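Model, not experiment: these values are computed from the prediction. What you see below is based on every heavy atom in this structure, not just the backbone, and it leaves out hydrogens, waters and symmetry mates. Numbering starts at 1 and runs along the sequence shown.
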Amino acid sequence: MRGGGGGEVVPLGGTGIEISAVGAGTWQWGDRFYWGFGRSFSEQDVREAYRACIESGVTFFDTAEVYALGGSERLLGRFTGEEGGPAVVATKFLPYPWRLSGRSLRSALRKSLRRLGMERVDLYQVHQPWRPRPVEAWASALADVAEEGLVRSVGVSNYSADQMRRANDVLSARGVPLASNQVGYSFLNRKVERNGVAEACRELGVTLIAYGPLAEGLLTGKYSTENPPPLLRRVRWARRRLPLLPPVIGLMREIGQAHGDKSPSQVALNWLMRKGAVPIAGSKSAAHARSNAGAMGWRLSDDDMAALDEVSAGF
């Protein structure tokens with residue numbers, strides 16, 4: 001199927017909503033501490049990234065109330081209002097321990113809607129399955145806001161297979177489909193293939209949304225032990241992976257060249273698409289956005305997938 005700007009579209013669970021096969025993650029937008037917003041890139045850069053996404057067929061945008069303390073939502077809302085385009089917007093609620101009732105979810109949602117400048121959001125997700133409230137309580141709260149028309153669909157994030165099934169049971173009883181589970185998933189992080197989450201998504205008809213699909217830049221091919229990423233990302237998890245990357249990136253380049261000179265990033269994103277996931281890759285510039293969109297419109301072969309699976313098995 002084709003979307004606006006020539007991109008591929010896929011169904012969002014059983015909701016009847018369609019989203020682009022590659023999405024745009026907006027954690028970086030407005031984040032000064034970890035990503036360097038205002039130093040290494042600007043509001044104009046991310047505005048141009050938004051515009052390039054829409055033009056290239058990447059129309060699914062994911063944000064959260066905690067990204068840049070609401071700054072990401074404000075920027076995304078500004079761009080959708082001023083630049084237009086067929087954007088499908090997802091945001092998230094974080095169940096802090098002091099948020100103890102469904103009223104807190106509804107209140108947080110209304111604040112997100114104000115920052116986004118929207119009357120309802122396309123996908124509203126619980127960001128983490130944090131205690132003390134059980135996943136059933138937040139699933140019930142999601143059903144409430146869906147019934148009120150404040151959201152078009154509901155999802156979860158970082159849920160285990162068991163937690164996802166429990167949330168799905170509550171939502172199904174209310175006639176509200178569980179649209180998605182957003183989890184960390186990349187060529188260097190394949191836990192969801194082993195812990196039952198990917199299998200549960202297939203079983204329940206839930207869209208698996210993959211955050212961190214480029215491993216915070218490690219799968220772009222631009223970093224090495226001689227040229228590491230910025231300090232915080234290096235300390236967080238890049239340092240021990242960098243020495244292992246050369247053969248991985250080498251194979252990705254080789255396979256990409258056979259598909260019309262696709263980049264390692266595009267191979268990494270297409271690999272996730274072949275796995276049945278919707279990768280949401282960060283875009284800090286128009287060039288990033290166009291590169292990510294270039295993962296659509298072609299397919300890795302079964303032989304490519306087997307080779308890539310083998311070389312990434314050690315991570």
Looking at Arg131, I want to see if its CZ is surrounded by more than 12 non-hydrogen atoms of other residues, nucleotides or ligands under 6.0 Å. no
Should the ring pair Phe93 and Tyr124 be called parallel, tilted or perpendicular, given that the plane angle runs from 0 to 90° and is split at 30 and 60? tilted
Non-neighbouring partners of Asp302 that pass salt bridge (charged side-chain N to carboxylate O under 4.0 Å, His left out), sequence neighbours left out: Arg274
Pairs where residues 163-187 contributes a residue and the test salt bridge (Lys or Arg N to Asp or Glu O under 4.0 Å) is met, not counting sequence neighbours: Glu136-Arg166, Asp144-Arg174, Glu147-Arg174, Asp162-Arg166, Arg165-Glu203
Below 30° counts as parallel, above 60° as perpendicular, anything between as tilted: where do the rings of Tyr50 and Trp29 land? perpendicular
Does the Ser56 side chain pair with the main chain of Arg290, one donor and one acceptor, at a distance under 3.5 Å? no
Is the backbone of Gln28 close enough, under 3.5 Å, to the side chain of Asp31 for a donor and an acceptor to pair up by distance? no
Do the ring planes of His259 and Trp298 sit parallel (below 30°), tilted (30 to 60°) or perpendicular (above 60°)? tilted
With no hydrogens and no angle check, is any side-chain donor or acceptor of Ser312 less than 3.5 Å from a backbone partner on Leu188? no
List for me each residue that meets side chain to side chain donor-acceptor pair (under 3.5 Å) alongside Lys275, sequence neighbours excluded, and say none if there are none. Asp309
Between Ser104 and Ser101, is there a donor-acceptor pair closer than 3.5 Å when you use the side chain of the first and the backbone of the second? yes
Quick one: does Ser72's side chain have a donor or acceptor within less than 3.5 Å of a partner on Ala68's backbone? no
Anything under 30° is parallel, anything over 60° is perpendicular, the rest tilted; go ahead and classify Tyr96 against Trp98. parallel
Between Ser112 and Glu73, do the side chains contain an N or O donor and an N or O acceptor separated by less than 3.5 Å? yes
With Trp27 as reference, evaluate Trp35, Phe33, Phe61 under the ring-ring contact (aromatic ring centres under 6.0 Å, His included) test and give the passing residue. Trp35
Okay, side chain of Asn292, backbone of Gly282: is any donor-acceptor separation there less than 3.5 Å? yes
Find out whether His127 and Trp138 are in side-chain contact, i.e. whether some heavy atom of one side chain is under 4.5 Å from a heavy atom of the other. no
Thr91 backbone acceptor or donor facing Thr63 side chain under 3.5 Å: no
Do other residues, nucleotides or ligands put more than 12 heavy atoms under 6.0 Å from Glu82 CD? yes
Side-chain donor/acceptor of Arg74 to backbone N/O of Arg115, under 3.5 Å: no
Residues Tyr211 and Asn158: side-chain donor-acceptor under 3.5 angstrom: yes
